[in-house]
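Each remark here refers to the structure printed beneath this line.
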Amino acid sequence: MRTTVTIEDALAKELKEIAQRSGRSFKQVVNDALRAGVRDEHIADASRPYRLMPQSMGVVDSRLDLDKALSLADSLEDRELAGKLMPRK
């Protein structure tokens with residue numbers, strides 16, 4: 001089938017370079033690229049939908065402000081480091 005397609009300049013340049021390096025025609029390179037894209041699309045359609053299983057992260061410490069995520073992360077990291085630095089009996 002013959003059709004007119006507008007290809008971005010940078011992409012056309014890449015396709016021409018591939019054709020030159022591989023010794024194939026521009027038409028072959030474009031058709032191979034389209035075929036690979038269609039094949040990948042079919043593979044993506046056939047894949048399972050992503051599902052996330054919620055997990056409990058434990059009880060929230062009421063002394064921590066959950067609206068400030070960085071502050072929470074710092075507090076948890078500080079507590080972890082302090083626990084590692086405490087001398088063991």
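Positions are given from 1, in the same order as the sequence printed here.
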Kindly give the cluster partners of Leu34, where membership spreads through any ILVMFWY side chain lying under 4.5 Å from a current member. Val5, Ile7, Leu11, Leu15, Ile18, Phe26, Val29, Val30
Other than Val59, which residues form its hydrophobic cluster under the rule that side-chain heavy atoms must be closer than 4.5 Å? none
Take atom CD in Gln20; do more than 12 heavy atoms of anything else shown fall under 6.0 Å from it? no
CG of Asp78: more than 12 outside heavy atoms within 6.0 angstrom? yes
Holding to side chain to side chain donor-acceptor pair (under 3.5 Å), I want the full list of residues that pass it with Asp32, two or more places apart in sequence or in another chain. Arg24, Arg35
Before giving the answer on side-chain contact (heavy atoms from CB on, under 4.5 Å), spell out for Met53 and Gln55 the whole-Å C-alpha distance, their side-chain angles and the decisive distance to 0.1 Å. CA-CA 6 Å; Met53 300 301 292; Gln55 298 293 321; 4.2 Å; yes
Looking at Leu81, I'd like to know if its CG atom is crowded, meaning that more than 12 non-hydrogen atoms belonging to other residues, nucleotides or ligands lie closer than 6.0 Å. yes
